[in-house]
Amino acid sequence: MDRDWELFLLPYKQTVDELKVKLRGLRNMYLLKQEHGPIEFVTGRVKPINSILLKSRTRKISLDKLETDMEDLAGIRIMCPFVEDIYDVVEMLKSRNDLKVLYEKDYVTHKKESGYRSYHLICEYPVQLIDEVKVVLVEIQIRTLAMNFWASIEHSLNYKYAGEYPTEINDRLQKAAESAFQLDEEMSTIRDEIKDIQSSFRFKKD
Ligand code: 0O2
């Protein structure tokens with residue numbers, strides 16, 4: 001099928017751009033209010049065409065059905081300081097007027113076999129085009145900095161090994177996932193002290 005990819009992906013690019021601005025704005029609002037912010041940083045991307053084609057082949061998603069069946073053409077990632085913040089961010093996103101959460105995957109409580117941990121929300125987002133409003137799917141991944149560190153490294157290794165890790169590397173990845181989990185646990189226990197330090201630091205800076 002001949003497809004104008006740039007045109008097809010334009011609403012997804014617009015969605016990612018808009019949500020990045022909106023969510024980064026929230027982060028700044030917390031900073032201004034000198035409150036503990038549950039958002040550390042926000043990234044976003046439109047799925048690259050080669051990844052779309054690869055996923056459509058491996059998941060047997062017809063190219064005619066990308067809009068409905070490939071949920072992460074638009075992807076947003078929200079990094080949080082603490083595990084507890086993930087759930088606050090999820091609730092905050094669920095209460096927004098410009099997003100409709102269709103379903104969620106809690107890989108924080110139920111980690112994937114790989115060791116991957118993150119909270120995923122599959123949402124509908126209405127994006128204003130020239131003469132119509134198009135509702136597109138967007139996947140929002142919410143995770144801690146430690147979860148993000150592990151996932152980024154594992155993701156780049158995946159390119160090399162295509163998921164078929166030698167046993168030794170697999171063992172190390174499992175251990176690293178466990179260490180990231182322990183780090184999150186440890187940070188949560190001293191969360192209140194860190195929150196105090198952060199707010200007095202911001203206060204002094206201003
Ligand atoms: P990208 O853009 O390269 O990251 P399902 O059918 O529900 O089991 P599906 O539809 O792939 O699987 O959804 P899932 O499992 O929620 O995963 C979607 C995305 O989560 C992936 O996108 C990754 O971004 C991330 N993810 C899931 N599992 C892992 C993992 O084991 N390691 C890492 N690093 N990331 C993971 P893609 O398609 O890989 O695309």
Side-chain angles (χ1 to χ4, degrees), residues 5-6 8-17 19-20 23 39-80 83 86-87 89-90 93-94 99-125 136-184:
W5 282 103
E6 196 177 357
F8 173 71
L9 292 173
L10 196 69
Y12 297 93
K13 183 179 179 320
Q14 183 70 22
T15 296
V16 168
D17 289 346
L19 283 172
K20 278 197 297 191
L23 295 167
I39 297 177
E40 193 67 33
F41 65 96
V42 178
T43 62
R45 61 99 184 97
V46 174
K47 205 171 185 66
I49 299 166
N50 57 348
S51 301
I52 297 174
L53 294 174
L54 183 67
K55 193 166 182 171
S56 86
R57 277 199 298 275
T58 51
R59 299 291 170 95
K60 305 211 179 337
I61 299 172
S62 154
L63 289 180
D64 297 334
K65 294 205 166 159
L66 289 181
E67 287 183 26
T68 49
D69 293 6
M70 199 171 286
E71 296 157 338
D72 64 340
L73 292 173
I76 292 286
R77 219 165 254 167
I78 302 177
M79 268 55 68
C80 305
V83 178
I86 294 176
Y87 298 98
V89 169
V90 167
L93 291 174
K94 282 182 179 170
L99 275 178
K100 181 174 172 200
V101 177
L102 297 181
Y103 66 96
E104 54 206 290
K105 302 180 192 176
D106 182 355
Y107 299 131
V108 174
T109 317
H110 310 283
K111 72 166 180 179
K112 290 186 91 166
E113 217 176 299
S114 61
Y116 176 77
R117 292 170 70 234
S118 201
Y119 204 108
H120 293 189
L121 293 178
I122 311 300
C123 309
E124 283 180 347
Y125 179 79
V136 300
L137 291 176
V138 53
E139 181 185 77
I140 306 183
Q141 301 181 345
I142 308 130
R143 46 173 82 157
T144 63
L145 299 167
M147 292 173 196
N148 189 51
F149 182 39
W150 183 91
S152 308
I153 305 287
E154 197 270 347
H155 193 267
S156 32
L157 283 174
N158 221 330
Y159 272 111
K160 185 166 174 200
Y161 294 103
E164 304 285 325
Y165 295 118
T167 316
E168 196 191 323
I169 294 191
N170 195 48
D171 290 349
R172 285 190 192 282
L173 279 171
Q174 293 291 337
K175 271 192 200 143
E178 184 53 31
S179 301
F181 176 75
Q182 300 283 343
L183 178 60
D184 275 334

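Numbering of ligands and ligand atoms starts at 1, following listing order.
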**Report entry** Lys13/Asp17 salt bridge by N-O under 4.0 Å criterion
**Finding:** yes

Report task. Test Met147 against Ile86 for side-chain contact (heavy atoms from CB on, under 4.5 Å), laying out the working first. Result -> CA-CA 11 Å; Met147 292 173 196; Ile86 294 176; 3.8 Å; yes

Requested in this report: Please indicate whether Lys100 has more than 12 foreign heavy atoms, meaning atoms of other residues, nucleotides or ligands, lying under 6.0 Å from its NZ.
Outcome: no

Query raised in the report: Salt-bridged, Asp72 to Arg45, with N to O below 4.0 Å?
Result: yes

**Report entry** Tyr87 side chain to Thr109 side chain, donor-acceptor N/O pair below 3.5 angstrom
**Finding:** yes

Query raised in the report: Which pairs, with at least one residue in residues 143-169 and sequence neighbours excluded, count as a salt bridge (Lys or Arg N to Asp or Glu O under 4.0 Å)?
Result: Glu168-Arg172

Report summary line: Contact set, ligand 1, heavy-atom distance under 4.0 Å, ordered by chain/number, equals Arg45, Lys47, Lys55, Arg59, Asp72, Arg77, Lys105, Tyr107, Lys112, Ser114, Tyr116, His120, Glu139, Gln141, Ala151, Glu154, His155

